Amino acid sequence: MQRAVALLAWLVLTPGAGAAEVSRLADAVRGEAVPSDEELVAQGATIGAIEIVTQDVFDTSQPEEALWPYRLANRLHVETREKVVRRRLPLAPGDPYDPRELLEAERLLRALPSIYDVRVVPRRFAGGLVDLLVVTRDVWTLGVGVGLTREGGENSHSFEITEANLLGYGVQPELKYEKTPDRTSYRFRYFDDALLGSRHQLRLLVSDNSDGHRFTVDFDRPFYELADRHAWGLRAVDDEQRVRLYAGGREQDRFFRDAFFAEVRAGLSTGVVGGWVRRISAGLTYDEAAYRRERPVLSPIVAPPFFERVLAYPWIGFELVEDGWV
């Protein structure tokens with residue numbers, strides 16, 4: 001029954017009928033006072049003010065979500081902060097009004113693990129300016145997992161806690177402890193997809209194990225939206241592990257693997273042209289691994305006491321993306 005607690009939490013704390021309020025509110029705001037998208041584009045409208053409305057996990061005005069567990073969840077939950085939503089929008093005041101950009105904004109926000117649903121609609125039009133309303137509904141983001149297993153006469157247990165929207169700022173930390181017959185592991189992950197309010201992303205992984213360690217850092221500026229023209233990234237991995245080889249349930253050999261990986265990459269794009277996006281990427285990769293035997297060979301496996309291999313190479317890639325979301 002591994003991770004039963006985490007599974008139960010996700011099932012119980014998922015928004016229900018209240019999530020439909022996002023669409024109802026957005027549709028009611030636009031009404032008939034705002035011209036159609038075609039008319040706004042034809043008049044050369046530009047974006048004016050952008051108002052952000054963030055809603056909690058549950059809509060307690062609905063009878064099915066007015067029970068005390070849902071009210072308690074709303075009190076414990078920290079809503080996504082307005083600036084977190086605003087800095088992820090691909091549009092800003094002064095930009096030309098483009099209905100495709102509104103749909104892009106909805107897709108980008110909906111991809112966040114802290115947001116269940118989102119609508120972006122024009123709410124008023126005057127003097128050539130279109131004011132927008134962004135309505136989002138949060139989802140429960142705290143997960144706790146406990147695992148207890150027994151297999152082959154051996155016990156294993158684990159504990160982990162994850163948060164996909166720490167204090168409403170959108171950062172995603174994770175802590176995990178795991179003990180199995182083969183290893184004891186302590187792991188920390190961290191992900192921020194809008195570092196300091198920018199389009200830059202930072203991923204960190206630190207794992208301290210009884211049989212080695214792993215450190216990974218990714219720092220990049222990806223193609224944030226379809227219209228983005230450039231991207232770049234850096235990645236480095238330092239990995240050390242004691243590897244055991246088994247046959248028939250018995251350990252036959254043991255050796256250490258020390259690995260280092262580094263990559264730098266960059267990309268250019270044409271943006272959206274005729275409903276298609278063309279991207280070309282290039283990079284340099286360095287991949288080094290060294291293997292050394294921890295003790296004399298225990299089995300007939302023939303291998304040298306030390307082996308090293310190094311791969312260093314450039315690469316290039318091409319990506320063709322259709323602006324055809326369903």
Side-chain angles (χ1 to χ4, degrees), residues 1-15 54 56-58 69 72-81 83-85 87-88 111-116 138-151 154-198 200-220 222 233-244 257-262:
M1 197 170 172
Q2 193 171 6
R3 298 186 181 179
V5 175
L7 178 60
L8 181 61
W10 284 109
L11 288 175
V12 172
L13 299 178
T14 299
T54 57
D56 221 325
V57 180
F58 299 101
L72 177 61
N74 280 350
R75 293 194 188 99
L76 297 176
H77 175 75
V78 179
E79 291 184 16
T80 301
R81 300 178 186 271
K83 65 180 181 180
V84 173
V85 176
R87 70 192 184 191
R88 284 169 171 80
L112 295 177
S114 60
I115 292 181
Y116 183 79
D138 277 3
V139 70
W140 184 263
T141 55
L142 177 64
V144 179
V146 177
L148 297 172
T149 61
R150 180 173 178 81
E151 185 177 2
E154 300 285 352
N155 295 324
S156 300
H157 59 271
S158 65
F159 173 80
E160 65 179 308
I161 180 169
T162 63
E163 172 57 63
N165 190 19
L166 183 64
L167 299 178
Y169 287 104
V171 297
Q172 304 171 38
E174 173 189 322
L175 287 171
K176 182 175 182 179
Y177 164 77
E178 185 176 25
K179 183 174 179 58
T180 68
D182 294 326
R183 64 162 53 175
T184 300
S185 174
Y186 300 88
R187 186 179 71 193
F188 170 72
R189 292 180 185 267
Y190 177 87
F191 177 47
D192 188 348
D193 68 346
L195 186 64
L196 300 178
S198 69
H200 300 91
Q201 298 183 349
L202 176 65
R203 295 177 178 84
L204 294 175
L205 167 65
V206 179
S207 181
D208 184 16
N209 310 318
S210 58
D211 58 353
H213 68 266
R214 182 181 179 91
F215 175 74
T216 301
V217 57
D218 284 278
F219 181 54
D220 60 2
L234 304 169
R235 177 178 173 84
V237 180
D238 178 44
D239 188 12
E240 179 183 289
Q241 183 180 0
R242 179 187 292 114
V243 181
R244 294 180 172 90
R257 178 176 64 87
D258 297 320
F260 177 75
F261 177 92

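Only a predicted model underlies this, so the values are computations on that prediction, with no experimental measurement involved. Computation of the quantities below employed the complete heavy-atom set of this structure, encompassing side-chain atoms and omitting hydrogens, waters and symmetry-equivalent molecules. Positions are given from 1, in the same order as the sequence printed here.
- In this structure, H213 has no ring pair (Phe, Tyr, Trp, His ring centres under 6.0 Å) partners at least two apart in sequence or on a different chain.
- Residues V206 and Y186 fail the side-chain proximity criterion, which asks for heavy atoms closer than 4.5 Å.
- Taking the charged nitrogens against the carboxylate oxygens, R257 and D239 do have a contact shorter than 4.0 Å, which makes a salt bridge.
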**OP:** Evaluate side chain to side chain contact (heavy atoms under 4.5 Å, CB included) for D211 paired with D182, printing each intermediate quantity in order.
**Re:** CA-CA 8 Å; D211 58 353; D182 294 326; 6.0 Å; no
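- For F191, the CZ atom is densely surrounded, since the number of other residues' heavy atoms within 6.0 Å is greater than 12.
- Among all heavy-atom pairs drawn from V57 and N74, the shortest one is N-OD1, 3.4 Å.
- In this structure the side chain of T141 never reaches within 4.5 angstrom of the side chain of Q172, judged on heavy atoms.
- By the ring pair (Phe, Tyr, Trp, His ring centres under 6.0 Å) test, H200 is found to be paired with F219, W232, residues two or more places apart in sequence or in another chain being considered.
- S207 and N209 share a side-chain donor-acceptor pair at under 3.5 Å.
- Across every non-hydrogen atom of V139 and I115, the tightest pair is CG1-N, 4.1 Å.
- What you find for G197 and R87 is that their closest heavy atoms are CA-CD, 3.6 Å.
- Nearest approach of T80 to S114, heavy atoms of both residues: OG1-OG, 3.8 Å.
- When atom types are taken as modelled, the side chain of R81 and the backbone of L167 share a donor-acceptor pair closer than 3.5 angstrom.
- Side-chain N or O atoms of D238 include none that pairs as donor or acceptor with a backbone N or O of F260 at under 3.5 Å.
- In terms of heavy atoms, D138 sits closest to E79 at OD2-CA, 3.2 Å.
- Checked for salt-bridge contact, R183 and E178 miss the test: no charged N lies under 4.0 Å from a carboxylate O.
- Of all heavy-atom pairs spanning A73 and W140, the tightest one is O-CZ3, 3.4 Å.
- Using a 4.5 Å heavy-atom cutoff, the side chains of L205 and R187 are in contact.
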